[in-house]
Amino acid sequence: MRTWQLFKSFSDKELKEIEERLASKKRKSLPSLFNAIKKHKGDTLPSKEILYKAAFGEDYTSKKDYLLRNELRHLNEEFYDFIAQKAFLSHINENKPVYHYYLASGLADRKLNEILEADIDDFIKQSQQTVKPKLLAALLDLKLLWNIQHQFKSPANIEAQKALENEYIAQEIRGLKYLIREHEARMAYLEYTRLIITNQLKDIPNNTITPPLETLDMSVEPNDWIENQLITKKHTFQTQGEVKLQVLKDILSRQEKLFAEKIGRFDAMIVSLNNIANELFLLRRPAEAAIYLADSLQRCIDHKRAPHIANIQNYILAQLILGNYEEGIRAYETYKKDIVGSRSEKAIAIYIAYIHLFLKEPDKALADLPSTNNVLDIHHFTARQVYAIAFYLRGDLELAQTECRNIQQMLRTKQANFKEEYLTINSLYNEFFRLVSIGSADTDKLKVLEERLIHLRAVEKLHGDIQMPISWLLKEVQEFSAQA
């Protein structure tokens, strides 16, 4: 019987460990059943009568046999778990790269980011000395994913990430080549053995060496949904606008179908919902983006999953752009524990600062404004613009204009992404502050200012964050014009 075979494979030390494990389980019948087997001196399992009495404290009858079989099944599962964990521990103790991979995975799962960042390169360096490239590739893959989720996205970091991706691919290819060469040797061994046992070896030439396999069939398999999903994933970064939006929606539809069939991953759907929202931002359709983002956050609540920080960030941005300021603040307070310490913390703090500016609360805006060290160019500019707006709301137009001149000087001496857009927006701010400072009610100039801002806000593919200073100034120009 399987239970007996499993039981007899354990040493005395292992039997003691299993006994301690079973004692901690909720199913209290298992320790009694285990001890009955342990005390038995024969070469087979104790009788059903003995086992049933031990498990349930009652006499056995054939009608109750299914209960005993069920208990033995549970005991077998405990034995399986013990054997699997022992084998795993032995495996990671004998293979340091495997140990490092699971250690790094555990650090990532526990969000011990500083420790992981300090150790991961050393783990990779040690794995480079192994003859098993797939183990090295696994660690490189873990670092790549961690960098995407946590590393500051500067051009230099992205180039380093691309180099790491190439190294990962090289190691995967090297590992695949080793695997193929090993299986080629096994195929040769099997053919050689066949020749021996069929007495045909004597009829074979002394040299039957065949060339190694050098090409693989990489043609797309139409019915392989994983391969096709990955190909479509690449398409999402090679399309834009309505074309990309349809690609993303198709991906989400397939992911939902696979998740319903208990094949797909929940997190993949959440990422797709955020990707759809990002494209809708670029298409200047924030209201639709907000619907997809709200859906993603609700799904996390319904399935008791941690929300993705990118979805939280974009949801708050959508509320800001739509003018739903109270909802933006509510979302920030709701997800504050997820935001603090995340890669999006500074960007979200800038969003909240702008919400306070729209609510004409300059002091709160400045209090929420984060340090601009290690932020993207776009966040550096939008943060600096907060100061100019706050000074204006405080009634210090001279200081607001001075800040605009400082921003202009910074931009002219800085190599920045979106530089021309920043210079245009900053010049519009400076012009508005100038008109207000001289008490001008020149409706023609104000109308031109308003039209330029409306045009800027309607430009597709303009980063959603740039909408914040544009929208604030447009609203203020319209209010000032109405009063004038």
Checklist outcome for this item: NZ (K177) and CG (L216) are apart, to the nearest 0.5 Å, by 10.5 Å
Checklist entry - Quick check: does any side chain N or O of D217 sit under 3.5 Å from a backbone N or O of S219, one acting as donor and the other as acceptor? => result yes
Checklist entry - With respect to I339, which candidate in I352, T334, I309 satisfies the side chain to side chain contact (heavy atoms under 4.5 Å, CB included) definition? => result I309
Next on the checklist: Counting only heavy atoms not in D12 (residues, nucleotides, ligands), do more than 12 fall under 6.0 Å from its CG?
Outcome noted: no
Item to check | From D224 atom CG to I226 atom CD1, the distance as rounded to the nearest 0.5 Å | outcome: 6.0 Å
Checklist entry - If only atom types and distance count, is the side chain of S90 paired as donor or acceptor with the main-chain N or O of K86 below 3.5 Å? => result no
Checklist entry - Side chains of R73 and N76: is there a donor and an acceptor less than 3.5 Å apart? => result no
Next on the checklist: Do the side chains of E191 and R194 get close enough for a salt bridge, i.e. N-O under 4.0 angstrom?
Outcome noted: yes
Checklist entry - Take atom OH in Y60; do more than 12 heavy atoms of anything else shown fall under 6.0 Å from it? => result yes
Item to check | Minimum heavy-atom distance Y315-E327, with the two atoms named | outcome: OH-OE2, 2.6 Å
Checklist outcome for this item: For R343 and A310, the nearest pair of non-hydrogen atoms, with its separation, is NH2-CB, 4.2 Å
Next on the checklist: Please give me the minimum heavy-atom distance between L297 and P307, naming the atom from each residue.
Outcome noted: CD2-CB, 4.0 Å
Checklist entry - Passes side-chain contact (heavy atoms from CB on, under 4.5 Å), D119 versus L116? Steps please. => result CA-CA 5 Å; D119 291 347; L116 179 60; 5.9 Å; no
Next on the checklist: For the CG atom of L293 and the CG atom of N311, what is their distance to the nearest 0.5 Å?
Outcome noted: 6.0 Å
Checklist entry - Is there side-chain contact between V220 and I231, with heavy atoms separated by less than 4.5 Å? => result yes
Item to check | Short N-O contact, E184 and R181, less than 4.0 angstrom | outcome: yes
Item to check | Candidate pair F259 and H303, rule ring-ring contact (aromatic ring centres under 6.0 Å, His included), full reasoning | outcome: CA-CA 12 Å; F259 183 71; H303 291 271; 5.6 Å; yes
Item to check | Distance-minimising heavy-atom pair for R299 and F266 | outcome: O-CZ, 3.5 Å
Item to check | Side chains of R2 and Y80, donor plus acceptor under 3.5 Å | outcome: yes
Checklist entry - Would S24 and E20 count as having a side-chain donor-acceptor pair, cut-off 3.5 Å? => result no
Item to check | Non-hydrogen side-chain atoms of L283 and E242 separated by less than 4.5 Å | outcome: yes
Checklist entry - Taking atom CD of Q126 and atom OH of Y99, what is their separation to the nearest 0.5 Å? => result 10.5 Å
Next on the checklist: Between D368 and K364 (salt bridge meaning N to carboxylate O under 4.0 Å), is one present in this structure?
Outcome noted: no
Next on the checklist: Is there a side-chain contact between L75 and I37 in this structure, where contact means two heavy atoms from C-beta onward sitting under 4.5 Å apart?
Outcome noted: yes
N/O donor-acceptor pairs under 3.5 Å from side chains in residues 269-279, not counting sequence neighbours:
| residue | atom | partner | partner atom | Å |
| --- | --- | --- | --- | --- |
| S272 | OG | Q255 | OE1 | 2.6 |
| S272 | OG | Q255 | NE2 | 3.3 |
| S272 | OG | A268 | O | 3.2 |
| N274 | OD1 | N314 | ND2 | 2.9 |
| N275 | ND2 | V271 | O | 3.4 |
| N278 | OD1 | N314 | ND2 | 2.9 |
| E279 | OE2 | G241 | N | 2.8 |

Next on the checklist: Just so I know, are the side chains of Y325 and H356 near enough to count as touching, which here means a heavy-atom distance under 4.5 Å?
Outcome noted: no
Side-chain donor/acceptor pairs under 3.5 Å, residues 100-112, sequence neighbours excluded:
| residue | atom | partner | partner atom | Å |
| --- | --- | --- | --- | --- |
| H100 | ND1 | K96 | O | 3.4 |
| S105 | OG | Y101 | O | 3.0 |

Item to check | Residue K262 excluded, over 12 heavy atoms near NZ under 6.0 Å | outcome: no
Checklist entry - Is it true that K257 and E261 have a side-chain N and a carboxylate O under 4.0 angstrom from each other? => result yes
Next on the checklist: Can a side-chain donor-acceptor contact be found between Q385 and Y422 if the only test is distance below 3.5 angstrom?
Outcome noted: no
Checklist entry - Can E77 and R27 be counted as an ion pair, charged N to O under 4.0 angstrom? => result no
Next on the checklist: As a quick check of understanding, evaluate side-chain contact (heavy atoms from CB on, under 4.5 Å) for F7 and L45, giving each step before the final call.
Outcome noted: CA-CA 9 Å; F7 179 84; L45 271 179; over 6 Å; no
Checklist entry - Looking only at atom types and distance, does a side-chain atom of D295 sit under 3.5 Å from a main-chain N or O of I291, one as donor and one as acceptor? => result no
Checklist entry - Looking only at heavy atoms, what is the nearest atom pair of S127 and L136, with distance? => result CB-CD1, 3.9 Å
Next on the checklist: Looking at K28, I want to see if its NZ is surrounded by more than 12 non-hydrogen atoms of other residues, nucleotides or ligands under 6.0 Å.
Outcome noted: yes
Checklist entry - If we only count heavy atoms from C-beta on, is the F56 to E71 side-chain gap below 4.5 Å? => result yes
Checklist entry - Who passes side chain to side chain donor-acceptor pair (under 3.5 Å) against Y168, sequence neighbours left out? => result E172
Checklist entry - Side chains of E19 and K38: closer than 4.5 Å at any heavy-atom pair? => result yes
Checklist entry - Would E167 and Q171 count as having a side-chain donor-acceptor pair, cut-off 3.5 Å? => result yes
Next on the checklist: List the residues meeting ring pair (Phe, Tyr, Trp, His ring centres under 6.0 Å) with F82, not counting sequence neighbours, and say none if there are none.
Outcome noted: F10
Checklist entry - What residues, two or more places apart in sequence or in another chain, satisfy salt bridge (charged side-chain N to carboxylate O under 4.0 Å, His left out) together with E288? => result R285
List the atom pairs, donor and acceptor, that lie under 3.5 Å between side-chain atoms in residues 48-55 and the rest of the protein, sequence neighbours left out.
| residue | atom | partner | partner atom | Å |
| --- | --- | --- | --- | --- |
| K48 | NZ | D65 | OD1 | 3.1 |

Checklist entry - Mind checking whether K249 and Y292 have side chains closer than 4.5 Å, heavy atoms only? => result yes
Next on the checklist: Under the criterion side-chain contact (heavy atoms from CB on, under 4.5 Å), I'd like the reasoning laid out for S296 against H308: C-alpha separation, chi angles, the key distance, then a yes or no.
Outcome noted: CA-CA 9 Å; S296 74; H308 290 201; over 6 Å; no
Checklist entry - Taking it one step at a time, do F34 and E78 satisfy side-chain contact (heavy atoms from CB on, under 4.5 Å)? => result CA-CA 11 Å; F34 175 78; E78 292 294 337; over 6 Å; no
Checklist entry - For E221, does its backbone N or O pair with a side-chain atom of N228 as donor and acceptor, under 3.5 Å? => result yes
Checklist entry - Can you tell me if T236 uses its side chain to pair, donor with acceptor, with the backbone of K233 under 3.5 Å? => result yes
Item to check | Salt-bridge present (D81, R21; N to O < 4.0 Å) | outcome: no
Next on the checklist: Can a side-chain donor-acceptor contact be found between D302 and Q298 if the only test is distance below 3.5 angstrom?
Outcome noted: yes
Next on the checklist: Quick check: closest heavy atoms across S344 and Q313, and the distance to 0.1 Å?
Outcome noted: OG-OE1, 2.7 Å
Next on the checklist: Could you tell me if the side chain of Q467 sits less than 4.5 Å from the side chain of R284, heavy atoms only?
Outcome noted: yes
Checklist outcome for this item: One should read off an interatomic distance between L67 CG and K64 NZ, to the nearest 0.5 angstrom, of 8.0 Å
Item to check | L201 CG to I196 CD1 distance, which is reported to the nearest 0.5 Å | outcome: 5.5 Å
Item to check | Donor-acceptor under 3.5 Å (E159 side chain, P155 main chain) | outcome: no
